[in-house]
Amino acid sequence: MPYAKIIGSGGYLPPRVVTNDELAAELATRQIETSDTWITERTGIRQRHIAETGVTTSQLATKAAQQALQDAGVSATELDLIIVATSTPDFIFPSVACMVQAQLGNHGAAAFDVQAVCSGFVYALSTADAFIRAGRARTALVIGAEVFSGILDWNDRSTCVLFGDGAGAVVLRASEEPGIIETDLSADGSQMKILHAAGNVVGGQVTGDPFLRMDGQAVFKLAVTSLAASAHAVCERAGISLEDIDWMVPHQANVRIINFLGRRLGLSDDKVVITVDHHANTSAASVPLALDAARRDGRIKQGDLVLMQGVGGGFTWGSVLARM
Ligand code: UT7
């Protein structure tokens with residue numbers, strides 16, 4: 001049974017950077033009080049990238065995909081599977097994956113979206129791994145992409161300061177050598193209310209509340225416990241000790257969650273990739289963006305053992321353990 005090996009990665013952030021100070025000044029014009037100090041101390045976020053009005057998830061996804069394909073030395077025509085993780089698709093349908101396929105110039109690959117919010121990339125990567133292991137695909141493109149700025153209530157300071165837009169991508173290829181070693185996915189739908197965007201389209205009209213709502217403290221607590229359990233589960237099934245992990249690439253939501261988790265797992269800070277300061281929480285894009293950043297700056301090298309983790313709305317969480 002072949003392994004799925006990551007052979008390339010890419011990332012794309014829209015050019016417009018909004019610093020905490022700029023955001024605080026903008027919110028102040030509407031009598032909403034926040035500050036760089038509050039945001040930095042509570043989250044580690046210093047800035048976010050925000051897409052211009054009209055820029056869509058498929059456009060960001062395509063740019064990240066092109067970089068990943070170039071990095072892998074793979075042509076779009078070689079892909080036989082395209083999976084996009086997103087909660088902010090361009091349209092109700094077609095899927096973002098089909099739009100990316102068209103923009104890349106691929107014909108015939110299976111293409112579909114995965115919706116697991118901030119765990120989306122880990123869910124999509126695990127799905128692509130299963131396809132490749134089963135011999136149903138040989139070369140896969142997996143993307144996490146979001147324009148989260150479009151579902152934020154910019155009058156709610158408890159959420160709007162936390163998120164940003166972006167896309168990250170990897171190319172996978174069937175290989176005799178590992179590769180993705182083990183994956184672990186979980187969900188608990190009974191916790192849906194702690195993080196949701198409960199809007200709907202009925203009769204052509206948006207009904208309900210289309211903006212993201214979150215009980216931050218409940219998410220914080222569940223994120224730490226579920227990710228710690230998932231890290232132990234995936235390592236145990238792989239017969240690998242947590243000490244053997246070279247790099248942890250966690251969901252980039254909050255540096256306090258990441259540090260807390262790293263300490264609980266006994267991983268030293270220098271083994272943990274952090275990019276949330278630079279691009280805030282980009283939901284499904286955050287893990288592939290962090291992975292790509294650490295591959296490009298030379299931290300993550302060929303042969304390294306990497307633990308990727310996602311957590312978010314649903315409630316969903318999961319891990320992918322991969323040999324690079
Ligand atoms: O992808 C997964 C999605 N989300 C997450 O992972 C988020 C998980 N949760 C968190 O990261 C944290 O809970 C937050 C960063 C969201 C909040 O941090 P916290 O330490 O839990 O703060 P809090 O919600 O307890 O709020 C503390 C205070 C409150 O004021 P009072 O009641 O103490 O007077 C808030 O109203 O901070 C206030 N506050 C703010 N103040 C300035 C909330 N948002 C802001 C803000 N600026 N932007």
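First listed ligand is number 1; within each ligand, the first listed atom is number 1. Counting from 1, the numbers follow the sequence of the chain as shown.
- For Thr62 (side chain) and Ser58 (main-chain N/O), a donor-acceptor pair under 3.5 Å exists by modelled atom type.
- A salt bridge links Arg173 with Glu78: the distance from a Lys NZ or Arg NE/NH1/NH2 to an Asp or Glu carboxylate oxygen falls below 4.0 Å.
- Rounded to the nearest 0.5 angstrom, Ile181 CD1 and Cys235 SG are separated by 9.5 Å.
- Those atoms of ligand 1 with a heavy atom of Asn281 less than 4.0 angstrom away are 1 (O), 2 (C), 3 (C).
- When each of Ser226, Ser119, Ser186 is paired with Thr316, the side chain to side chain donor-acceptor pair (under 3.5 Å) condition holds for Ser119 and for no other.
- Remark: Asp153 engages Arg213 in a salt bridge, criterion side-chain N to carboxylate O under 4.0 Å.
- The protein non-hydrogen atom at the shortest distance from atom 24 (O) of ligand 1 is Gln217 NE2, 4.2 Å.
- Distance alone, capped at 3.5 Å, is enough to place a donor-acceptor pair between the Gln252 side chain and the Val273 backbone.
- Considering Glu41, Glu33, Arg157 only, the shortest heavy-atom separation from atom 30 (O) of ligand 1 involves Arg157.
- In this structure, Asp304 does not pair ionically with Arg299, as no charged nitrogen and carboxylate oxygen lie closer than 4.0 Å.
- Here the options are Asn281, Asp277, Thr275, the test is side chain to side chain donor-acceptor pair (under 3.5 Å), and the partner is His279; only Thr275 passes.
- The protein atom (non-hydrogen) at minimum distance from atom 43 (C) of ligand 1 is Trp38 CZ2, 3.5 Å.
- In summary, Arg46 and Asp36 do not engage in a salt bridge, as defined by a charged side-chain N under 4.0 Å from a carboxylate O.
- The shortest contact between atom 11 (O) of ligand 1 and any protein heavy atom is with Asn254 ND2, 2.6 Å.
- Among protein heavy atoms, the minimum distance from atom 18 (O) of ligand 1 is reached at Arg256 NH1, 3.8 Å.
- At least one donor-acceptor pair under 3.5 Å links the side chain of Thr29 to the backbone N or O of Glu26.
- Of the protein's non-hydrogen atoms, Leu162 CD1, 3.8 Å is the one closest to atom 16 (C) of ligand 1.
- Between Gly310, Ser283, Ala253, Ser35, it is Ala253 that holds the heavy atom closest to atom 6 (O) of ligand 1.
- Shown in contact with Val161 at under 4.0 Å from a heavy atom are these atoms of ligand 1, numbered in order with element: 48 (N).
- Within the 4.0 Å cut-off (strictly below), a protein heavy atom is located near atom 47 (N) of ligand 1.
- Interface of Thr43 with ligand 1, defined as ligand atoms under 4.0 Å from a residue heavy atom, comprises 15 (C).
- Distance from atom 19 (P) of ligand 1 to its nearest protein heavy atom, with residue and atom name: Arg42 NH1, 3.6 Å.
- At a heavy-atom cutoff of 4.0 Å, ligand 1 is contacted by the side chain of Leu195 but not by its backbone.
- Contact annotation for Thr159 and ligand 1: no heavy atom of the residue comes within less than 4.0 Å of the ligand.
- Distance from atom 5 (C) of ligand 1 to its nearest protein heavy atom, with residue and atom name: Val219 CG1, 3.6 Å.
- Proximity of Ser158 to ligand 1 is established by a heavy-atom distance of less than 4.0 Å.
- Within the 4.0 angstrom cut-off, atom 8 (C) of ligand 1 has one or more protein heavy-atom neighbours.
- Between the side chain of Asp165 and the backbone N or O of Ser149, at least one donor-acceptor pair lies under 3.5 Å.
- Atoms of ligand 1 lying under 4.0 Å from at least one heavy atom of His251, given by number and element, are 1 (O), 2 (C).
- Shortest contact from atom 4 (N) of ligand 1 to any protein heavy atom: Met214 SD, 3.2 Å.
- With a 6.0 Å radius and a threshold of 12 heavy atoms from other residues, nucleotides or ligands, Glu22 has its CD atom above the threshold.
- For Val117, no heavy-atom contact with ligand 1 is shorter than 4.0 Å.
- Looking at Arg48, its side chain does come within 3.5 Å of a backbone N or O of Val161 through a donor-acceptor pair.
- Counting the atoms of ligand 1 from 1 in the order shown, those under 4.0 Å from a heavy atom of Ile257 are 6 (O), 8 (C).
- When distances from atom 33 (O) of ligand 1 to the protein are checked, no heavy atom turns up under 4.0 Å.
- Evaluation of the ring pair (Phe, Tyr, Trp, His ring centres under 6.0 Å) test over residues 135-162, restricted to residues two or more places apart or in two chains, returns Phe148-Phe163.
- Considering backbone and side-chain atoms alike, Gly216 places an N or O below 3.5 Å from some N or O of ligand 1.
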